[in-house]
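Please read these numbers as outputs of a predicted model, since none were measured by experiment.
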Amino acid sequence: EPPLHPVRRLSYSSLALFERCSYRFYAERLAGLAPAEGRERGEGGSVLAATELGDAVHAALERLELADPQPPPREELAQLVRDRYPSATEDEIDRVSAFVASYCGSELATRVGRLPAARPERPFAFEHDGVLLHGRIDVLSLSDGRAVVVDYKTNTLAEGSPQELVELDYRLQRLVYALACFRTGVDEVEVVYHFLERSDAVVSAAFTRADVPALEAELSAAIERIQAGEFRPTPSDFVCADCPVLDIVCAGPRLRDAPRSDVPVLAAAR
């Protein structure tokens, strides 16, 4: 029986969203609901959603000189953030500044500065099992048969160690990055995640051409799960923060205390 929603295109971000919470994936990517905006959270009066804060950080980082990254002046950074999000508070600008400073002062930044032909914001696209995978890489170095991918993350580390977060939330994204690079003809790919809450919160994994069949099989299995049309909430403070169905048709983080058998599964009606 053909799927109710045959998927033909998947961005790396949508695939990562499916991995983090397939229920939210359905709400946004299939039902077409927009992420919640302007939701008040915390004593500091924060108004930016987690995804918006991450976007502001990435916008600042992509403007850095990779060979010698230096945090921009406070006034310049504040203008950049408020050009994108006029309601941003001083506390949120401070958070963006701290994330940028974390990268600039890291050993990873020093290493990236020495990588050959490193470039920010590189787009990619390739086809797998009839689905077009596409997205952008924060920093990419391609040289001498080797690729290095760097991805910035603004997740809170209160939910787990950097290694645990990658395995739980970004395993599919990582293999998509690796496969995209192998399609360029390189023989080795290293994918590095930097969780910017700490300058040393770096997780790296290396792959060779011998790993390609296993990576492709795992991607195929993920695509099959999406095509099957079964979507289960996987709550976390990060993924639920600006979810469009939180407290409307999904209890979000409160589901973590519920027995597994009580967590609803959305099987799209035909």
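- Expressed to the nearest 0.5 Å, how far OG1 of T89 lies from CG of L48 amounts to 7.0 Å.
- Rounding to the nearest 0.5 Å gives a distance of 7.5 Å between CG of L15 and CD1 of I223.
- Side chain of S22 to main chain of F25: no donor-acceptor pair is present (N/O by atom type, distance under 3.5 Å, no hydrogens or angles).
- Take D169 and apply the side-chain hydrogen bond (donor to acceptor under 3.5 Å, both in side chains) test, not counting sequence neighbours, and it matches no residue.
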- Query: When you look at R254 and D247, which way does the salt bridge (charged side-chain N to carboxylate O under 4.0 Å, His left out) test go after all the steps?
  - Reply: CA-CA 10 Å; R254 296 190 300 279; D247 295 329; 3.0 Å; yes
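- Using the six-membered ring where Trp is involved, F124 and Y177 have ring planes that are perpendicular, over 60° apart on the 30 and 60° scheme.
- Looking only at distances, no side-chain donor or acceptor of S97 sits under 3.5 Å from a matching main-chain atom of I93.
- E127 meets the side chain to side chain contact (heavy atoms under 4.5 Å, CB included) test with no other residue; sequence neighbours excluded.
- Qualifying ring pair (Phe, Tyr, Trp, His ring centres under 6.0 Å) partners for H134, counting only residues two or more places apart in sequence or in other chains: none.
- Note on R209 versus D211: no salt bridge recorded, every NZ/NE/NH1/NH2 to OD/OE distance being 4.0 Å or above.
- Listed by first and then second residue, the ring-ring contact (aromatic ring centres under 6.0 Å, His included) pairs involving residues 195-218 amount to none (not counting sequence neighbours).
- Within the 3.5 Å criterion, the main-chain N or O of P116 finds a donor-acceptor partner in the side chain of S141.
- Among pairs with a residue in residues 68-99, none fulfils ring-ring contact (aromatic ring centres under 6.0 Å, His included), at least two apart in sequence or across chains.
- Annotation for V191 and Y193: closest pair CG1-CE1, 3.9 Å, computed over non-hydrogen atoms.
- For D129, there are no salt bridge (Lys or Arg N to Asp or Glu O under 4.0 Å) partners at least two apart in sequence or on another chain.
- Proximity of L165 to V203: side-chain heavy atoms (C-beta onward) are nowhere separated by under 4.5 Å.
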- Query: Taking it one step at a time, do V150 and Y152 satisfy side-chain contact (heavy atoms from CB on, under 4.5 Å)?
  - Reply: CA-CA 7 Å; V150 177; Y152 310 121; 4.1 Å; yes
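- The side chain to side chain contact (heavy atoms under 4.5 Å, CB included) search around D83 returns Q79, not counting sequence neighbours.
- Contact of the Q70 side chain with the L64 side chain is not registered, since no non-hydrogen atoms from C-beta on lie closer than 4.5 Å.
- Of all heavy-atom pairs spanning A27 and A31, the tightest one is O-CB, 3.3 Å.
- The salt bridge (Lys or Arg N to Asp or Glu O under 4.0 Å) contacts involving residues 193-208 comprise R198-D200, where partners must be two or more places apart or lie in separate chains.
- Looking at every heavy atom in both residues, P233 comes nearest to C21 through CA-SG, 3.9 Å.
- Pairs of residues two or more places apart, or lying in two chains, that qualify as salt bridge (Lys or Arg N to Asp or Glu O under 4.0 Å) and include a residue from residues 11-26 are R24-E28, R24-D242.
- Screening residues 108-124 for salt bridge (Lys or Arg N to Asp or Glu O under 4.0 Å) gives R111-E190, E121-R136 as the qualifying pairs, with residues at least two apart or on separate chains.
- Taking the side chain as every heavy atom from C-beta outward, V149 and V139 never approach each other to under 4.5 Å.
- Between the side chain of E218 and the backbone N or O of L172 there is no donor-acceptor pair closer than 3.5 Å.
- Separation of atoms CG (L133) and CZ (R183) is listed at 8.5 Å; rounding is to 0.5 Å.
- Within the structure, every pair that satisfies the salt bridge (Lys or Arg N to Asp or Glu O under 4.0 Å) test and touches residues 54-64, not counting sequence neighbours, is listed here: D55-R84.
- Within the structure, side chain to side chain donor-acceptor pair (under 3.5 Å) contacts touching residues 100-110 (residues at least two apart or in different chains) do not occur.
- Within a 6.0 Å sphere centred on CZ of R171, heavy atoms belonging to other residues, nucleotides or ligands number 12 at most.
- Considering all non-hydrogen atoms of both residues, I226 and L10 come closest at CD1-CD1, 3.9 Å.
- Among all heavy-atom pairs drawn from V249 and Y23, the shortest one is O-OH, 3.5 Å.
- One finds a salt bridge joining E90 and R82 here, because a Lys/Arg side-chain nitrogen approaches an Asp/Glu carboxylate oxygen to under 4.0 Å.
- Smallest separation of non-hydrogen atoms from V186 and G145: CB-O, 3.4 Å.
- Considering only heavy atoms from C-beta on, P72 stays 4.5 Å or farther from L80 through its side chain.
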- Task: Report the C-alpha separation of K153 and Y170 in whole Å, then their side-chain angles, then the decisive distance to 0.1 Å, and conclude whether the side-chain contact (heavy atoms from CB on, under 4.5 Å) test is met.
- Result: CA-CA 10 Å; K153 295 299 182 189; Y170 300 111; 3.3 Å; yes
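- Residues D151 and H194 have side chains that never bring a donor and an acceptor to within less than 3.5 angstrom of each other.
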